[in-house]
Chemist: 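Please find one structure pasted underneath; my questions will follow.
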Amino acid sequence: MGGTALSLVLTMLGLLLVTFIIGRVMPIDPVLKVVGDRASQAQYDAAYQAMGLDRPLYVQFARYLGDVLTGDFGRSISTGQLVVNDIRRVFPATVELATLGTLIGVLIGVPLGVIAAARRGGIVDQVARVVALVGYSMPIFWLGLMGLLVFYGILGWVGGPGRQGIIHDGMIPTVTGLILVDSLIAGDWGAFKDAFSHIILPASLLGYFSLAYISRMTRSFMLEQLSAEYITTARVKGLSERAVIWRHAFRNISIPLVTVIALSFGSLLEGSVLTEIIFSWPGLGQYITKALLSGDMNAVLGGTVVVGTCFVLLNLLSDILYRVLDPRSK
């Protein structure tokens, strides 16, 4: 575990170094964003020194590193609030959306991949290939717009953009920041139903892209296992095909599948920007996008660090689970 801890530290330092460099090379003057275009040269110089931009880059990075490690990302120019408070407010919405999308991807993608491998060349296998191909090639913004048009605009089966309708908006006490969980804690089934009707369409959209990746990887893992000698031996012993597939082959692919699912969840956390914009989902992706358009670099870098940290922690978690599921890796 010592090597894992060292790798984690080095990865985090690399992430912070990259975000620091991005903040310095972006064609946006952070001083002007603070003092405004009409500030005098004296005011500009005072703010420049107060922000520490007159110091050497290594000193600026050390200061940036210390601020980030203490959870200080500065103040957002757009909202006027501390970036860490903004992230604490919007991040649960992204986590809720990505979690539900990942669950959909796992519950459908894993069985689909297993069955496609077990019946290679059959109808299910062909369907799985088409699903994966469409999932990789179809623009997510187009699917989102078509989904809103059909399921919300025409059929009225789901709620519209946003996390809640006007009636329930702001009525649920915030405990976890997850609307579905908070509405259950409050015992408000009406709010839960309303929140679910709003999240199901964007979550299904993300889930579709997730299952396209998960099903393809599951199929690949299963094909490799089904061609192994121990599978032939199990069949010769008279074990049922169901037992061979699920008790033997699937058990062996569960280890690399953990990493695939973790990476899929991480990609939904950072890749749901377009989905959040289309569905007016007040999550981290929309927050970073608005901050970038307004030149709010504190918010952009803070959100980027959070997403990158999630990726690092997910990789660490998958590594720990890998060791738990496969004692030989120790």
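Sequence positions, counted from 1, serve as the residue numbers for this chain.
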Chemist: Counting N and O atoms only, with roles assigned by atom type, does the side chain of T70 sit under 3.5 Å from a partner on the main chain of G66, one being a donor and the other an acceptor?
Modeler: yes
Chemist: Ignoring hydrogens and geometry, is there a side-chain-to-backbone donor-acceptor pair from E96 to I179 under 3.5 Å?
Modeler: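 Yes.
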Chemist: Could you tell me which non-hydrogen atom of G109 sits nearest to which non-hydrogen atom of I214, and how far apart they are?
Modeler: C-CG2, 4.2 Å
Chemist: Within a 6.0 Å radius of atom CD1 on I123, are there more than 12 heavy atoms belonging to other residues, nucleotides or ligands?
Modeler: no
Chemist: On a heavy-atom basis, which atom in P92 and which in R89 lie closest, and how many Å separate them?
Modeler: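 Reported closest heavy-atom pair: CD-O, 3.7 Å.
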Chemist: With heavy-atom distances below 4.5 Å as the criterion, would you say the side chains of F73 and L301 are in contact?
Modeler: no
Chemist: Where is the tightest heavy-atom contact between S264 and Y213, given as atom of each residue plus distance?
Modeler: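 For S264 and Y213, the tightest heavy-atom pair comes out as CB-CD2, 4.1 Å.
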Chemist: Could you check whether the rings of F61 and Y64 sit parallel, tilted or perpendicular, using 30° and 60° as the cut-offs?
Modeler: tilted
Chemist: At what distance, to the nearest 0.5 angstrom, does CG of L97 lie from CG of L205?
Modeler: 9.0 Å
Chemist: Answer yes or no: is there a donor N or O on one side and an acceptor on the other, between the side chain of N315 and the main chain of F311, under 3.5 Å?
Modeler: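 Indeed, once roles are kept as given, a pair shorter than 3.5 Å links the two residues.
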Chemist: Rounded to the nearest 0.5 Å, what separation is found between the NZ atom of K193 and the OG atom of S183?
Modeler: 13.0 Å
Chemist: Taking atom CD of E241 as the centre, does the number of heavy atoms from other residues, nucleotides or ligands within less than 6.0 Å exceed 12?
Modeler: yes
Chemist: For side-chain contact (heavy atoms from CB on, under 4.5 Å), just list the numbers for H248 and Q225, CA-CA rounded to whole Å, side-chain angles, deciding distance to a tenth of an Å, and then say yes or no.
Modeler: CA-CA 9 Å; H248 293 276; Q225 293 299 318; over 6 Å; no
Chemist: Quick one: are Y230 and N252 in side-chain contact, heavy atoms under 4.5 Å?
Modeler: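 A side-chain contact exists here, since the closest heavy-atom pair is under 4.5 Å.
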Chemist: How are the rings of F151 and W157 set to each other: parallel, tilted or perpendicular (split at 30° and 60°)?
Modeler: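 Tilted.
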Chemist: Determine, using the 4.5 Å side-chain heavy-atom cutoff (strictly less than), whether V59 and L57 are members of one ILVMFWY cluster.
Modeler: no
Chemist: Is it true that the side chains of S210 and T102 contain a donor and an acceptor less than 3.5 Å apart?
Modeler: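 Per modelled atom types, S210 and T102 side chains form no pair under 3.5 Å.
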Chemist: Applying the 4.5 Å side-chain criterion to the ILVMFWY set and letting contacts propagate, would L107 and V124 be lumped into a single cluster?
Modeler: no
Chemist: Using side-chain contact (heavy atoms from CB on, under 4.5 Å) as the criterion, point out the one residue from D86, V83, L82 that pairs with N298.
Modeler: V83
Chemist: Do Y208 and V131 make a side-chain contact, defined as non-hydrogen atoms from C-beta onward lying under 4.5 Å apart?
Modeler: yes
Chemist: Is there a path of hydrophobic side-chain contacts, each under 4.5 Å between heavy atoms, that joins F196 and W189?
Modeler: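 Same cluster.
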Chemist: Would you say the side-chain atoms of D182 and T176 include a donor-acceptor pair closer than 3.5 Å?
Modeler: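 Checked: D182/T176 side chains pair up, N/O donor to acceptor below 3.5 Å.
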Chemist: Under 3.5 Å, side chain of D67 to main-chain N/O of D72, donor-acceptor pair present?
Modeler: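 No: the side chain of D67 does not pair with the backbone of D72.
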Chemist: Just verifying a value: how many Å separate L206 CG and L100 CG, rounded to the nearest 0.5 Å?
Modeler: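 The distance works out to 9.5 Å.
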Chemist: Mind checking whether F250 and I245 have side chains closer than 4.5 Å, heavy atoms only?
Modeler: no
Chemist: Looking at L263, I261, L269, which one forms a side-chain contact (heavy atoms from CB on, under 4.5 Å) with F265?
Modeler: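 In the set L263, I261, L269, the residue that makes a side-chain contact (heavy atoms from CB on, under 4.5 Å) with F265 is L269.
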Chemist: Find the distance between CG (L211) and CG (L103) and round it off to the nearest 0.5 Å.
Modeler: 12.5 Å
Chemist: Under a 3.5 Å threshold, yes or no: a donor from one side chain and an acceptor from the other, between T79 and Y287?
Modeler: no
Chemist: Got a second to check how far R120's CZ is from M222's CE, nearest 0.5 Å?
Modeler: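 If I round to the nearest 0.5 Å, the distance is 12.5 Å.
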Chemist: I'd like to know if the side chain of W281 reaches the main chain of A93, judged simply by a donor and an acceptor atom lying under 3.5 Å from each other, with no hydrogens or angles considered.
Modeler: yes
Chemist: Within a radius of less than 6.0 Å around CD1 of I167, do more than 12 heavy atoms belonging to other residues, nucleotides or ligands occur?
Modeler: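 At most 12 heavy atoms, drawn from other residues, nucleotides or ligands, come within 6.0 Å of this atom.
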Chemist: Counting N and O atoms only, with roles assigned by atom type, does the side chain of Q164 sit under 3.5 Å from a partner on the main chain of A195, one being a donor and the other an acceptor?
Modeler: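 It does not hold such a pair.
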Chemist: List the steps, then state whether side-chain contact (heavy atoms from CB on, under 4.5 Å) holds for I278 with L145.
Modeler: CA-CA 7 Å; I278 292 170; L145 293 174; 4.1 Å; yes
Chemist: Answer yes or no: is there a side-chain heavy-atom contact under 4.5 Å between R219 and R129?
Modeler: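 SC-SC contact between R219 and R129 confirmed.
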Chemist: Take C310 and F91, measure what side-chain contact (heavy atoms from CB on, under 4.5 Å) needs, and give me the verdict at the end.
Modeler: CA-CA 11 Å; C310 287; F91 192 49; 3.5 Å; yes
Chemist: Going through the checks in order, is the side-chain contact (heavy atoms from CB on, under 4.5 Å) test met by L143 and F209?
Modeler: CA-CA 11 Å; L143 282 180; F209 285 90; 3.8 Å; yes
Chemist: Nearest 0.5 Å, what's the CD1-CE distance between I154 and M146?
Modeler: 9.0 Å
Chemist: Mind checking whether H198 and V158 have side chains closer than 4.5 Å, heavy atoms only?
Modeler: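 No. Closest side-chain heavy atoms not under 4.5 Å.
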Chemist: Identify the heavy atoms of P161 and Y152 that sit nearest to each other, and give their distance.
Modeler: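 Nearest pair, atom of P161 first, then Y152: CD-CE2, 4.3 Å.
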Chemist: Taking side chain as C-beta onward, heavy atoms only, is T275 less than 4.5 Å from I140?
Modeler: yes
Chemist: Work out which heavy atom in A249 is nearest to a heavy atom in L226; give both atom names and the distance.
Modeler: CB-CD2, 4.0 Å
Chemist: Taking Q60 for its side chain and R55 for its backbone only, find out whether a donor-acceptor pair lies under 3.5 Å.
Modeler: yes
Chemist: Of all heavy-atom pairs between I288 and T304, which one has the smallest distance, and what is that distance?
Modeler: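 Closest approach of I288 to T304, heavy atoms only: CD1-N, 4.1 Å.
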Chemist: Would you indicate whether I166, at its atom CD1, is surrounded by more than 12 heavy atoms from other residues, nucleotides or ligands within a distance under 6.0 Å?
Modeler: no
Chemist: With a 4.5 Å cut-off on side-chain heavy-atom distances among I, L, V, M, F, W and Y, is there a chain of contacts connecting L16 to I21?
Modeler: yes
Chemist: Honestly curious: do L13 and L69 fall in one hydrophobic cluster under the side-chain, below-4.5 Å linking rule?
Modeler: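 Looking at the clustering, L69 is in the same group as L13.
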Chemist: For the pair D125 (side chain) and R119 (backbone), establish whether a donor and an acceptor sit closer than 3.5 Å, ignoring hydrogens and angles.
Modeler: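 No.
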